Amino acid sequence: MATQKLKSLAYIGTFGISAFITGTYFERKFSPQHNLKNPQDSPIFSTVFAATAVSPVPSETNVGRISQIMKYGFPGLDNVRSFDNFVLSYDKRNRVAHWVFEHITPECCKPNDQVDRALSEFTPDESIHPFFRSLNSDYYKSGYDRGHLAAAGNHRVTQKMVNQTFLLSNMAPQVGVGFNRDSWNRLERYVRRLTRTFKNVYCCTGPLYLPRKEANGKNYVKYEVIGANHVAVPTHFFKVVVCETKDGQFEMESYVMPNQVISDDTPLTSFMVPPETIERAAGLLFFDNIARSKFSKINHKKN
DNA sequence: TTTGTTGT
């Protein structure tokens with residue numbers, strides 16, 4: 001009896017370890033270092049493993065910039081990838097990011113003759129395993145836009161930075177007219193404009209899949225999936241923004257907008273929700289490294 | 001101003 005139990009334990013153990021090794025092998029096999037077509041446009045370092053010591057960081061990285069962007073904490077640690085000017089956590093199950101994180105400064109947003117958005121192409125992210133990678137064909141004729149999570153307009157420093165925002169790992173299916181091209185864009189422009197007042201703006205953006213009460217009175221999470229890879233269509237999107245004031249205080253604003261046609265005259269303030277609501281719904285913690293007492297304002301109200 | 005799709 002005891003031996004039997006030991007045997008099955010050993011079996012489970014072996015299976016677990018070999019599965020782990022296989023997983024690691026595939027992650028490494030498909031990590032950018034092993035799959036370089038265009039090194040300039042690829043992420044700097046591959047998946048972050050929270051509990052394993054693998055993949056030493058290549059020497060010529062912008063580690064300084066990344067720690068600057070993530071200075072106030074990671075919202076989560078699932079499949080983190082860093083690019084020249086933003087950081088992304090990828091949801092392999094939904095084929096859409098969990099979150100993207102940006103540190104937006106006046107320099108990032110100002111017009112730049114050296115950069116042309118029209119030269120950028122929507123590109124599959126080769127650093128994602130093909131099982132979990134979204135493709136242009138998934139979006140084709142779906143009726144949805146390939147909507148940026150990290151907005152192209154926040155990364156006008158170099159052409160390479162803008163190009164990286166066009167990776168499909170940074171896209172989510174968004175309603176085009178009335179949402180992505182209108183009210184969501186209005187929110188993105190508003191966040192950019194905050195850099196006129198605040199020199200340091202931190203912005204976390206991501207999808208939500210929110211439950212809805214159906215006729216039988218029970219709550220269900222229901223969302224469409226598109227294309228052969230079943231890319232999830234989020235029901236909502238969130239943006240959590242933190243502005244650093246000159247006197248070392250912070251102001252936070254957090255928004256949730258439904259992925260649907262929104263009237264242009266709807267004020268952005270009507271989409272403000274408490275940050276805790278988003279944290280619970282998304283399973284993330286925002287700006288964990290800032291003591292809540294340091295926020296002078298949350299959603300325009302004194303804290 | 002910035003956000004984008006589709007068909008040829």
Side-chain angles (χ1 to χ4, degrees), chain A residues 41 83 85-86 88 95-97 99-100 102-125 134-198 201 203-208 224-239 241 253 255-268 270-271:
Chain A
D41 293 336
F83 300 94
N85 210 33
F86 70 101
L88 175 152
R95 272 72 67 183
V96 173
W99 53 262
V100 303
E102 301 166 275
H103 170 228
I104 311 170
T105 63
E107 295 71 36
C108 295
C109 308
K110 72 178 180 199
N112 181 349
D113 288 345
Q114 307 302 310
V115 173
D116 183 358
R117 178 197 162 101
L119 298 176
S120 303
E121 290 179 345
F122 293 97
T123 309
D125 187 338
S134 63
L135 301 176
N136 284 313
S137 55
D138 295 316
Y139 286 85
Y140 183 65
K141 286 189 172 174
S142 69
Y144 294 98
D145 278 9
R146 295 165 290 191
H148 285 68
L149 292 173
N154 297 346
H155 303 276
R156 291 179 193 158
V157 182
T158 66
Q159 187 66 43
K160 185 183 160 201
M161 285 183 189
V162 183
N163 289 349
Q164 287 177 342
T165 71
F166 277 77
L167 286 168
L168 292 183
S169 52
N170 183 45
M171 299 297 157
Q174 291 185 328
V175 169
V177 175
F179 182 79
N180 181 36
R181 307 174 193 194
D182 297 294
S183 282
W184 182 254
N185 183 27
R186 193 153 48 96
L187 177 58
E188 289 179 333
R189 281 181 288 143
Y190 166 75
V191 173
R192 263 197 290 284
R193 211 163 58 237
L194 288 172
T195 61
R196 294 180 189 181
T197 314
F198 305 96
V201 175
C203 181
C204 184
T205 307
L208 292 170
E224 184 181 352
V225 295
I226 56 170
N229 292 304
H230 289 186
V231 178
V233 181
T235 63
H236 297 71
F237 291 90
F238 69 80
K239 239 180 220 306
V241 185
E253 296 177 19
Y255 300 86
V256 170
M257 288 182 54
N259 190 13
Q260 60 191 43
V261 175
I262 293 167
S263 169
D264 282 339
D265 55 20
T266 315
L268 292 177
S270 67
F271 298 103

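Fair warning: this is a prediction, and the values are worked out from it, not measured in the lab.
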In whole Å, what is the span from the [atom1] atom of [X] to the [atom2] atom of [N]?
X	N	atom1	atom2	value
F122(A)	dG4(B)	CZ	P	6 Å
Y190(A)	dT2(B)	OH	P	18 Å
L149(A)	dG4(B)	CG	P	10 Å
D116(A)	dT3(B)	CG	P	12 Å
H148(A)	dT1(B)	NE2	C1'	15 Å
R156(A)	dT1(B)	CZ	P	11 Å
E188(A)	dG4(B)	CD	P	7 Å

Have a look at [X] and say if it touches a base, only the backbone sugar-phosphate, or nothing, with a 4.0 Å heavy-atom cut-off.
X	answer
R192(A)	sugar-phosphate
G153(A)	sugar-phosphate
R186(A)	nothing

### D145(A) side-chain N/O to Q174(A) backbone N/O, donor-acceptor pair under 3.5 Å
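Side chain of D145(A) to backbone of Q174(A): no pair is present.
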### Query
Nearest of dG7(B), dT5(B), dT2(B) to any side-chain atom of Y140(A)?
dG7(B)
Within the structure, does a side-chain N or O atom of [X] lie under 4.0 Å from either OP1 or OP2 of [N]?
X	N	result
R146(A)	dT5(B)	yes
N180(A)	dG4(B)	yes
R181(A)	dT1(B)	no

### Message
Between the base of dT3(B) and the side chain of N185(A), is one N or O donor paired with an acceptor at under 3.5 angstrom?
### Response
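In this structure, the two groups form no donor-acceptor pair.
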#### Entry: Contact nearer the 5' end of DNA chain B, comparing G147(A) with R189(A)
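First, find each residue's nearest nucleotide; the 5'-ward one identifies R189(A).
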### Query
Mind checking whether H148(A) and F166(A) have parallel, tilted or perpendicular rings, split at 30° and 60°?
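Rings of H148(A) and F166(A): perpendicular, as their planes differ by over 60°.
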